[in-house]
Amino acid sequence: MKLLSGTLILIPVVNVFGFENHQRYLPDRRDLNRSFPGSTSGSMASRIASLLLNDIVSKCDYCIDFHTAAAQRTNYPNIRVDLSDPKAQRIAKAFGCSLIVHNEGPDGSFRREACKSGCPTIVVEAGEPWKIEPSVLELGVSGIKNVLSELGMLKYPANVPTHQALIYKTIWVRSEIGGILKFHIGPGDFIKEGQAIATNYSIM
């Protein structure tokens, strides 16, 4: 990839220990993505967070953080961003996901602290954990190119979604009892008010 201007920094995996052990926790049993801004004299998670924020993010103009879903879940591709930040909103829209969710990020999260430090940051949530999915990989590469093009760093024809929604409120729909769940819709499908989303069956 030849850039017209600027520098692109790619960090494939920040939490290498978690990656190797198929979990999000470091050996000190702390969640790195709840340990920011960190400390140079704290726990392992705190020191890694401090190093990343002070030695890398402080030198960046923008940041894109990639996440998969949690265990036993799958995420329809979406962007998490603080829409009150015009610069962050700019790259969120440019990335090319159809769903953009307003969210400042949890306390101690990388995105929240990176934004507070002056680096507009978005999170891309897509796919399942413990997998490298070709469709998600393609989405990520295309999205990075879209953002670089928006920032004038790359000549690239933007891959624009057919629709793009800014979402300011989300809710969890949970079953009141356990059972065998049969979905009537798929991730990303449009639904109408009152439409059945899923049926929960017992084994009897």
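It should be emphasised that the depicted structure is a prediction, and the values quoted were computed from it without experimental measurement.
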Heavy-atom closest contact ([X] atom, [Y] atom, distance):
| X | Y | answer |
| --- | --- | --- |
| Ala92 | Ile79 | CB-CG2, 3.7 Å |
| Leu139 | Ala126 | CD2-CB, 4.1 Å |
| Pro161 | Cys97 | CG-O, 4.0 Å |

Between the side chain of [X] and the main-chain N/O of [Y], is any donor-acceptor distance below 3.5 Å?
| X | Y | result |
| --- | --- | --- |
| Lys59 | Asp55 | yes |
| Ser46 | Ser39 | yes |
| Asp31 | Asn33 | yes |
| His102 | Leu83 | yes |
| Glu125 | Tyr76 | no |
| Glu113 | Phe110 | no |
| Asn15 | Arg24 | yes |

Taking the side chain as everything from C-beta on, heavy atoms only, tell me whether [X] gets closer than 4.5 Å to [Y].
| X | Y | value |
| --- | --- | --- |
| Arg30 | Arg34 | no |
| Lys116 | Glu104 | no |
| Ile122 | Arg80 | no |
| Leu148 | Leu3 | yes |
| Leu4 | Lys155 | yes |
| Tyr201 | Lys182 | yes |
| Val81 | Val123 | no |
| Thr121 | Ile64 | no |

Quick one: do the Asn103 and Arg111 side chains pair a donor with an acceptor below 3.5 Å?
-> yes

Between Ser175 and Asn200, does any side-chain donor sit less than 3.5 Å from a side-chain acceptor?
->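 Asn200 and Ser175 do have a side-chain donor-acceptor pair below 3.5 Å.
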
Candidate pair Asn54 and Ser58, rule side chain to side chain donor-acceptor pair (under 3.5 Å), full reasoning = CA-CA 5 Å; Asn54 295 319; Ser58 65; 6.0 Å; no

Can you tell me if [atom1] on [X] sees more than 12 non-hydrogen neighbours from other groups inside 6.0 Å?
| X | atom1 | value |
| --- | --- | --- |
| Phe17 | CZ | no |
| Glu138 | CD | no |
| Gln72 | CD | no |
| Phe190 | CZ | no |

Could you walk me through whether Asn159 and Ser142 pass the side chain to side chain donor-acceptor pair (under 3.5 Å) check?
-> CA-CA 7 Å; Asn159 185 11; Ser142 175; 3.3 Å; yes

Verify side-chain contact (heavy atoms from CB on, under 4.5 Å) between Leu151 and Tyr62, making sure each step is shown before the conclusion.
-> CA-CA 10 Å; Leu151 298 175; Tyr62 294 90; 3.6 Å; yes

Same cluster or not: are [X] and [Y] linked, directly or through other Ile, Leu, Val, Met, Phe, Trp or Tyr residues, by side-chain heavy atoms under 4.5 angstrom apart?
| X | Y | value |
| --- | --- | --- |
| Phe66 | Leu32 | no |
| Ile11 | Val16 | no |
| Val147 | Leu8 | yes |
| Leu166 | Ile91 | yes |

Would you call Arg73 and Glu128 a salt bridge, using N to O less than 4.0 angstrom?
->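 No, no charged N to carboxylate O under 4.0 Å.
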
From CA spacing to verdict: side-chain contact (heavy atoms from CB on, under 4.5 Å), Phe36, Arg112 = CA-CA 9 Å; Phe36 290 89; Arg112 188 183 185 99; over 6 Å; no

Rounded distance (nearest 0.5 Å) linking atom CG of Asn78 with atom CD1 of Ile167 = 7.5 Å

Interatomic spacing from OG in Ser98 to NE2 in His163 - rounded to 0.5 Å | 4.0 Å

Test log, rule side-chain contact (heavy atoms from CB on, under 4.5 Å), inputs Thr40 and Arg47 | CA-CA 5 Å; Thr40 57; Arg47 294 183 187 205; 5.9 Å; no

